[in-house]
2 protein chains.
Amino acid sequence: MGGIREQKKQQTRRAIETAAIDLFSRKGFDATSMDDIASAAGVGKATIYGYFPAKDDIFLHYCDDRLVTAFNQFKEQQSADISFVEYLIAFFMIKFASITENREFGRLLLREMLFPREATDKVRDHNQRYFDILEGVFSVAEKRGEILPDLDHFMLSGHFFSLYVGLLAGWYGCYFNQLEEVEQNMRTLFEQVCHGIKP
Amino acid sequence: MGGIREQKKQQTRRAIETAAIDLFSRKGFDATSMDDIASAAGVGKATIYGYFPAKDDIFLHYCDDRLVTAFNQFKEQQSADISFVEYLIAFFMIKFASITENREFGRLLLREMLFPREATDKVRDHNQRYFDILEGVFSVAEKRGEILPDLDHFMLSGHFFSLYVGLLAGWYGCYFNQLEEVEQNMRTLFEQVCHGIKP
DNA sequence: AGGTAAACTCGACTCAGTTCGAGATTTATC
DNA sequence: GATAAATCTCGAACTGAGTCGAGTTTACCT
């Protein structure tokens, strides 16, 4: 039934996640020990492992949630009356801002999602969310005549996604530091894809 | 001068690197402990830290070397009489094959190089090697009239580099498993950049 | 040759993530 | 309501990366 146990579990889980994210944000991921998290959350260290398989997973889970939230907000507020390029820029910039809001979180998330130890469902689902959206965008763009009719939408999604990843790598390599720069470069790159670079 | 000491150092260093790479290859990176490496190399654990700042650096150094070697081979055997697209494909495929030869090594190298803890000189140098070459390619292509004359070569380099990184991420996410597939997709993506996707 | 300083080596230690297993708490069964 | 079964909890132990500092070797100088 309802269950005292179930209720307590949710509570404990939330306490651990909250404590962990708070500490990670304030002290950094590496500087926060599992003992720190345990005492902040008021549980034993081993208890944490009943809820999260590893230290990484605590905030990976959290990051993923935040990314989904950011995207849902975006979907609501986004008008459909703009060119697909503007739409893509808005879409990727939301993601970009969300993922780099905390530099360290973003770095760890990207490492795990783009170059995973093994291709788990978690990773595939995460990526699939992007691709579903992007393929939708290109279907619309095709109907509107904004792009050539015989293009592979999966390939196109991969193309724009790659550029987004490249910009993230540029960010983490300190090739740029301002979101404005990122957007400017993103626009240039996207235009390049649109118009081609050959005479 | 010449030095018994210097000679021994080189010998020790090589012993450590050889033992480490051998163990990493056979047992995997995580499953190999520093103690394992130390006893295989016939030195004390702490000695390793006199040669390499951390476990990662042992094979990061090795990977980087291999990448440089692969590139030098490439430069020698590559004809200049092919289109810049074919040149880029050959270039990136060499890199791709070299970096994914050992799946785990490549993964760790990419994580470290693309999303580094902090942008160290090592990382910048590593990336700069790519960009120098790419910018050179585009200069030639521009002179030959293969690309439009007013393009930013740095941006172009970033564009193709991003596509390469995207393909790597696809590889690690198991979207493809054969080098032939990678090359095929790479060609499609590169053609997309050349001709544009707009009507 | 002998002495000294610098460089090298490594056993022992610390520190943090993860696992174990025994005891406590809740739920299910009769 | 008692008892068994399942689940949850956490102190203690384990593991492996990285550090420390004392002991050893080598290079250089006079």
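All values reported here derive from a predicted model rather than from experimental measurement. Residue numbering restarts at 1 for every chain, and letters A, B, ... go by the order of the sequence lines.
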Below 4.0 angstrom, which residues in residues 105-116 of chain A have at least one non-hydrogen atom near DNA chain D?
none

Taking N or O atoms only and anything under 3.5 Å, show me the protein contacts with nucleotides 16-20 of chain D, one pair per line.
{"unit_1": "D:dA17", "atom_1": "OP1", "unit_2": "B:Thr32", "atom_2": "O", "d": "3.3"}
{"unit_1": "D:dA17", "atom_1": "OP1", "unit_2": "B:Lys55", "atom_2": "NZ", "d": "2.7"}
{"unit_1": "D:dA17", "atom_1": "OP2", "unit_2": "B:Met34", "atom_2": "N", "d": "2.6"}
{"unit_1": "D:dA17", "atom_1": "N7", "unit_2": "B:Lys45", "atom_2": "NZ", "d": "3.2"}
{"unit_1": "D:dG18", "atom_1": "OP2", "unit_2": "B:Tyr49", "atom_2": "OH", "d": "3.2"}
{"unit_1": "D:dG18", "atom_1": "OP2", "unit_2": "B:Lys55", "atom_2": "N", "d": "3.1"}
{"unit_1": "D:dG18", "atom_1": "N7", "unit_2": "B:Lys45", "atom_2": "NZ", "d": "3.4"}
{"unit_1": "D:dG18", "atom_1": "O6", "unit_2": "B:Lys45", "atom_2": "NZ", "d": "2.6"}

From B:Lys122 NZ over to B:Asp125 CG, what is the distance, rounded to the nearest 0.5 angstrom?
10.5 Å

Is a donor on one side and an acceptor on the other found under 3.5 Å between the side chain of A:His195 and the backbone of A:Glu191?
yes

Checking side-chain polar atoms at under 3.5 Å, does B:Asn72 have a donor or acceptor matched by the opposite partner on B:Glu76?
no

Atom CD1 of A:Ile58 and atom P of C:dT18: how far apart are they, to the nearest Å?
9 Å

Ring centers of B:Tyr62, B:Phe24 separated by less than 6.0 Å
no

If the plane angle is over 60° it's perpendicular, under 30° parallel, otherwise tilted; pick one for A:Tyr130 and A:His126.
tilted

Return the orientation label for the B:Tyr164 and B:Phe96 ring planes: parallel under 30°, perpendicular over 60°, tilted otherwise.
perpendicular

Hey, could you give me the CZ/CG distance between A:Phe115 and B:Leu168, rounded to the nearest 0.5 Å?
6.0 Å

Starting at CZ of B:Phe52 and ending at P of C:dC8, how long is that distance when rounded to a whole Å?
14 Å

Looking at C:dT9, I'd like to know if its phosphate oxygens (OP1 or OP2) sit under 4.0 Å from a side-chain N or O belonging to B:Tyr51.
yes

Whether B:Phe161 and B:Phe92 hold their rings parallel, tilted or perpendicular, with breakpoints at 30° and 60°
tilted

According to a strict under-4.0 Å criterion, is A:Lys8 in side-chain N/O contact with OP1 or OP2 of D:dC8?
no

Is the shortest distance from a Lys or Arg side-chain nitrogen in A:Asp64 or A:Arg129 to a carboxylate oxygen in the other one below 4.0 Å?
yes

Rounded to the nearest 0.5 Å, how far apart are NZ of B:Lys55 and CD1 of B:Ile48?
10.0 Å

Strand contacts (DNA chain C) in residues 13-20 of chain A, 4.0 angstrom heavy-atom criterion
none

In whole Å, what is the span from the CD atom of B:Gln10 to the C1' atom of C:dA7?
15 Å

For the residue pair A:Phe138 and A:His153, does the interplanar ring angle fall in the parallel (under 30°), tilted (30 to 60°) or perpendicular (over 60°) class?
tilted

For A:Thr47 and D:dC8, is the shortest distance between a side-chain N/O and OP1 or OP2 below 4.0 Å?
no

